[in-house]
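Take a look at the structure set out below.
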There are 6 protein chains.
Amino acid sequence: MRNDGRLNDQLRDIRVVKDYIRYPQGSVLIEYGETKVICNATISEGVPPFLKGTGTGWLTSEYSMLPCSTHTRNQRESQKGKLTGRTQEISRLIGRSLRSAIDLSLIGERTITIDCDVIQADGGTRTASITGGFLALYIACQKLSEDLKIGNPIKSFVAAVSLGIVNGEIMLDLNYEEDSNAEADINLIANEKSEIIEIQGTSEKGTFDKDMLNKMIDLGLNGINQLIDIQKRVLNLK
Amino acid sequence: MRNDGRLNDQLRDIRVVKDYIRYPQGSVLIEYGETKVICNATISEGVPPFLKGTGTGWLTSEYSMLPCSTHTRNQRESQKGKLTGRTQEISRLIGRSLRSAIDLSLIGERTITIDCDVIQADGGTRTASITGGFLALYIACQKLSEDLKIGNPIKSFVAAVSLGIVNGEIMLDLNYEEDSNAEADINLIANEKSEIIEIQGTSEKGTFDKDMLNKMIDLGLNGINQLIDIQKRVLNLK
Amino acid sequence: MRNDGRLNDQLRDIRVVKDYIRYPQGSVLIEYGETKVICNATISEGVPPFLKGTGTGWLTSEYSMLPCSTHTRNQRESQKGKLTGRTQEISRLIGRSLRSAIDLSLIGERTITIDCDVIQADGGTRTASITGGFLALYIACQKLSEDLKIGNPIKSFVAAVSLGIVNGEIMLDLNYEEDSNAEADINLIANEKSEIIEIQGTSEKGTFDKDMLNKMIDLGLNGINQLIDIQKRVLNLK
Amino acid sequence: MRNDGRLNDQLRDIRVVKDYIRYPQGSVLIEYGETKVICNATISEGVPPFLKGTGTGWLTSEYSMLPCSTHTRNQRESQKGKLTGRTQEISRLIGRSLRSAIDLSLIGERTITIDCDVIQADGGTRTASITGGFLALYIACQKLSEDLKIGNPIKSFVAAVSLGIVNGEIMLDLNYEEDSNAEADINLIANEKSEIIEIQGTSEKGTFDKDMLNKMIDLGLNGINQLIDIQKRVLNLK
Amino acid sequence: MRNDGRLNDQLRDIRVVKDYIRYPQGSVLIEYGETKVICNATISEGVPPFLKGTGTGWLTSEYSMLPCSTHTRNQRESQKGKLTGRTQEISRLIGRSLRSAIDLSLIGERTITIDCDVIQADGGTRTASITGGFLALYIACQKLSEDLKIGNPIKSFVAAVSLGIVNGEIMLDLNYEEDSNAEADINLIANEKSEIIEIQGTSEKGTFDKDMLNKMIDLGLNGINQLIDIQKRVLNLK
Amino acid sequence: MRNDGRLNDQLRDIRVVKDYIRYPQGSVLIEYGETKVICNATISEGVPPFLKGTGTGWLTSEYSMLPCSTHTRNQRESQKGKLTGRTQEISRLIGRSLRSAIDLSLIGERTITIDCDVIQADGGTRTASITGGFLALYIACQKLSEDLKIGNPIKSFVAAVSLGIVNGEIMLDLNYEEDSNAEADINLIANEKSEIIEIQGTSEKGTFDKDMLNKMIDLGLNGINQLIDIQKRVLNLK
């Protein structure tokens, strides 16, 4: 049994508060157990230079952790004057993952910004950000498609979950303690057809072979199915 | 009547969620109407260089707004690579105000950091930060005084409220729309004995004379009394 | 008697050298006792983005201290790569105060920059900067109104002075040693009609009540009257 | 046939100049076709704070591209004053990958820095950096083990290669043009026992399923075997 | 005749106000015609890391221009967040030049900082900074030698002057207008024995041959002799 | 005899690899003995603001050292977030020197950027950068003049060499060890007519008189003649 009583293939409790912040076009508070992330989607006019004149939109993401979201307080990146590599890496990952969910050619020269602000971290902040960021994106796109009288630009549901090998056992959706002890861990992002959008597997403490990788992928795709189910219920599509 | 139905001398609804984030020593979510701020107090060993060897502690504060907390999204200061003047000014104000509430010579060479992160802004974010920051500070000091077997270093309760002259009328606790239209506005910070700790009055659009200033102070001290009452109820001291 | 022989309600010697630097449109060296500040006003074409197309001008200010202006040398902010909170706070205060003195709608889309560079600091650098900055502004506006054949955009004279409670006594225009020992101190900015433009009162070491605040304001408005008198004599308006 | 005449499962020409720069402890110039990277390994005394007193060493990496290494000149990050997310992401990847190759507990409190400077880029700069960085690391560790009279701290050979799905076909070691047109691409890092150290798969333009992922892994592990063969020949171990 | 009525071999009026700022150990205001520079010398305990433990002191310099010192206002480097190349180049030049004037082994592990702040610029700011910086240094060293009961660490007097070829004629001590039109210009720093400490000659608009260079050096050494004479009179050594 | 067996008036072995990097318009690898610099010339559309609308082009340069190019590894300036004074000084020197070699009015509103990246440093990196940068510039200008059907904008060949006084002897083209021990050193940049474009002489450890300066210039102009000879052979003009 796991340190919080879960089975190896069991997600943590997933909770979502819809329309959490009032100003952005889409907003949710998502919780994966004790991990809590505010995900906001804002739509603004204009696109980055490389898209100007193409008629196509853009989606970008910014991830950040509040200083007290972690066990010991972290210095603010605004105080340091620069973003850490970890922050930039996760921001880029969220952006890439959610761009795969939307047909940006439908929204005109607009930029959707997905802000994921972690207010409490207990492992899996990037996967919660993607799953919650998708919800904020979906809500914003609903409003946009009504405003512009266009079809919904969302192409497919996208969710994310982590997996790891802890003491030789493959586990789904690691919490912080499990993550700290994992021999290897994977972040898996996939859509509702179980197509892989992104996979990032790392093994600083051990290694993993193709066989274990495949077992983790199977477990992960199963978890992602459950997460997409929850997403649909939050959006009253089920 | 005001734009949200309040009387001129009426506070907005004040709500507090105690122990909001699990890791810092003190944590609350405070709401002044639609203004919502997470206030966290963290205690760490060590003090800034100018206090080393004095046996005295320090208290500092950092204020920040999430990018989607405002009507239109704000760029992150971590992205810009520097803090705006407004952020630094408010951080310094919170720090000064709360240092007046505590006897830092009692806590040894420790630093208390008060993080105030605005997740939704509708006017009065700095006053909500001080009132909520005091609560986080109080909770952290309770734990510290138990841990160290010392008396509670809190000297007096401290709260803050804004006042303004809007269309010639003096109003308490302005929301964003009122604040945007104010001829003059004041931020008042005081303790439970109605002693003034800090007053900042500005009148970019008009001016105010000594008489109006005094009326605003009277109204403000009354509001602060109510806020301190709420603080005590949150802490189960009433 | 005070440490420099003054009475409690007495200003330090105020000296002004008009047309101190030759290139800016307005320039003075102002001294409040041993505090010496070069105040320059420059007019340039164009306004910040939020004013573009409005036909209205803007006024902004930048305050800085030379590294050797203080008792112990301070590191340059250009070396640190960022402005301190104190610098930004004072720059913003000077800007707000002087914007209240001018009708910016009369000057077209131009920006007036008030540079206040402290070359020697002995307390009251921000109040000297405002009083001297007003003079530089006035001189620059005289030239502008001649060049553009418009009325003088200056609406009212503005000056500033500090007050403090030192060993229980209320004193006007604190020098550095007094300021360091003050229980509370106030910076007061007002116009020639004794209307308050800005008040900033702080009491890190003590507190002050409404009654003492009013006594300080009375003393301060009196001092500001004297300062405005001096301003007018410098400008040969008296 | 591919745009440069290769078969789908064929590496580009791999060339290595050993001992390229004279000052660092290990140095190679590695070329994957037209991609050219200078890889240097420097050993210095001391470790980051989190390892002080543990007796264990550390390995870190810094990746950078010269401004003229790409088709159109890139602005220097030293000019911008900050590192891009891409640079930090790749630096972190190289560091993690090479830490898996070495037993850091054997080298004492020393830090090995692997600098990978791309002088010409034609796709695969991060995989060439890892394969070449391993060689620089190996050479530096040989010297270190001689100097310290300790066993060689290298645990296993590590190399890296990219894979992609281009027009529906799976290809090994993509050049820039192929990479720009890939539906999905993977960077695979593995050791000589075909154990996976890191896998990063992305599909911004398409998706890939588990089956295609496995085909890419098979092809990649085969390519890595060839690369490790080349590494051993360069080091005269074969 | 030159644009300000001088002969080709004539310095501008050189004026010095001794003991200009009260806090630093040495302070002068120096004027080369309309060029005005505040030069301050501060002595602090400690040396940079590369000198720790050697018993030897250090001298460094920082040069800066106030934003309104030039014909059109310059943006502050503290606002930009970085020093320009020109500022760093001149700071380094002043530092090198004045280090040649002092025996740093005599002052113990202390650092002398020469701050040169240009308040009005009309050509020759770097040469005025060196000549004035030497005076501030000399005064500070007098105090230091009295305090420490050591001999005066100054080895020789140092001064600096510019030269240029303007419309084919060689001129001494260029003002801004001359400097802007010069085909070539030289900054010459020398000591009282006419030994050259630094020479920097540039010719972006033309070139100069060895013969013209020698003529400029002769003229410059003559000017430096006059400047050293003035330095000695300011210090009451003549 | 010198530490590497050369005569006092002898250059180190000069080697050039033409067309070293494939993307920039001009590219060479130049070696002055063990000093190795990649010099690339890129031509881009557009000019800095001060030249817009003039029809004239611009040339700028950026110099940088790879972290492992020196005896002990240097921290990257991109990591520090700012350029050192030395880097900016050398970049500006290269830019000024090469601007003297070209008629920028012939190339239209284009900017030529000369990147000089030192991969191995053994003294004389700035002089090698200028000599090699000229070659990259020449090659780029050949292509430009063919593309635009204009005459070659190069006005004259430019090369650079260092000189120094080491143990009282004047030496040409110092290596690192000689440079570290020099009493004085000069960097000389001149054209094929032996006209001086820039001279920078420094003597932190000693001084030099006019006579020694002239001897160094003679020796240097002779060395520059040899370097220009080599440049012409590399370009097949001899």
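Numbered from 1 within each chain, the chains take letters A, B, ... in sequence-line order.
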Is the closest side-chain heavy-atom distance between E:T202 and F:I197 below 4.5 Å?
no

For the candidates E:R99, E:E195, E:M212, E:R92, which exhibits the highest count of non-hydrogen atom pairs separated by less than 4.5 Å from chain F?
E:R92

Under 4.5 Å heavy-atom distance to chain F, tell me which part of E:R96 shows up: side chain, backbone, both or neither.
both

Would you indicate whether the side-chain heavy atoms of F:Q88 and E:E89 approach each other to under 4.5 Å?
no

Before accepting this row, confirm whether a basic side-chain N of the pair E:D209/F:K193 lies closer than 4.0 Å to the acidic partner's carboxylate O.
no

When you compare the side chain of E:K210 with that of F:D218, does any pair of heavy atoms fall below 4.5 Å?
yes

Counting only heavy atoms closer than 4.5 Å, note whether E:S194 contacts chain F via side chain, backbone, both or neither.
neither

Go through E:L221, E:T84, E:T87 and name the one with the most non-hydrogen pairs under 4.5 angstrom from chain F.
E:T84

Under 4.5 Å to a heavy atom of chain F? For E:L213 that would be side chain

Considering only heavy atoms from C-beta outward, does the side chain of E:I199 approach that of F:Q200 to under 4.5 Å?
no

When the 4.5 angstrom heavy-atom criterion is applied to F:S97 and chain E, the contacting part is neither

May I ask you to list the residues in residues 169-192 of chain F that approach chain E closer than 4.5 angstrom, counting heavy atoms only, ordered by number?
F:N191

